[in-house]
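The structure appears below as structure tokens.
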Amino acid sequence: MKLTSTIARYLLGLIFSTFGLNGFFSFIHMPPPTGVAAQFFGALFVSKFYVVIFALQILGGVLLLANQYVPLALTILGAVIFNILCIHIFMAPEGLPLAAVVTVLWFLTAWSVRSALEGILRR
């Protein structure tokens, strides 16, 4: 299980570092969203809130790749992943498979540091 969670941590870190940097530099060209998702992303870009989202993705990804503050990185990325899942469930279902893979990677990584995360589930 240790090897599995290590691989999951590196993959998760690589995915979020890459897509976070892509938010600023656009080196991976993706088709623009349509419908409600286009309106949602339009609001994110007009308000400049995308800067916060992509910066948090980069921060979480780098922390995972460096194997430093992994519980903090998972907490930050957990919120990002939840929003990604909601976007793909409600507005853009074509991206749901990748969102599901990222969610599984998050849980595999979180399992290795579950003792550090159990405090947030205490009453």
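Qualifying side-chain contact (heavy atoms from CB on, under 4.5 Å) partners for Thr75, counting only residues two or more places apart in sequence or in other chains: Leu117. Not counting sequence neighbours, the partners of Tyr69 by the side-chain contact (heavy atoms from CB on, under 4.5 Å) test are Leu63, Leu72. For Ser17, the side-chain contact (heavy atoms from CB on, under 4.5 Å) partners are Val62, Leu65, not counting sequence neighbours. The ring-ring contact (aromatic ring centres under 6.0 Å, His included) test applied to Phe90 returns no partner, not counting sequence neighbours.
By the 4.0 Å N-to-carboxylate-O rule, Arg114 lies too far from Glu118 to be salt-bridged with it.
Under a 4.5 Å side-chain heavy-atom criterion applied to ILVMFWY residues, the cluster that includes Val104 comprises Met1, Leu108, Trp111 as well.
Neither Tyr10 nor Val101 shares a network with the other; the hydrophobic side chains, linked directly or stepwise wherever heavy atoms of I, L, V, M, F, W or Y lie under 4.5 Å apart, form separate groups for each. Criterion: ILVMFWY side-chain heavy atoms under 4.5 Å apart, direct or through other members. Under it, Leu77 and Phe82 are not part of a common hydrophobic cluster. Cluster membership for Leu14 and Phe16, using ILVMFWY side-chain heavy atoms within less than 4.5 angstrom, is not shared. With hydrophobic clusters built from ILVMFWY side chains whose heavy atoms lie under 4.5 angstrom apart, Leu121 does not share a cluster with Val113.
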For residues 26-53, which side-chain donor-acceptor pairs fall under 3.5 Å, sequence neighbours excluded?
residue, atom, partner, partner atom, Å
Ser47, OG, Ala43, O, 2.9
Ser47, OG, Leu44, O, 3.2
Ser47, OG, Phe49, N, 3.4

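Here the closest heavy-atom approach between residue Ala99 and residue His88 is recorded as CB-CD2, 4.0 Å. Here the closest heavy-atom approach between residue Leu74 and residue Ala110 is recorded as CD1-CA, 3.6 Å.
Between the side chain of Arg9 and the backbone N or O of Thr109 there is no donor-acceptor pair closer than 3.5 Å.
Atom-to-atom distance recorded for Asn67:CG and Leu64:CG is 8.5 Å, nearest 0.5 angstrom. Between atom OG1 of residue Thr103 and atom CG of residue Leu96 there is a gap of 8.5 Å, rounded to the nearest 0.5 Å.
Using a 4.5 Å heavy-atom cutoff, the side chains of Leu105 and Ile15 are in contact. Looking at Ile84 and Val102, their side chains never come closer than 4.5 Å, going by heavy atoms from C-beta outward.
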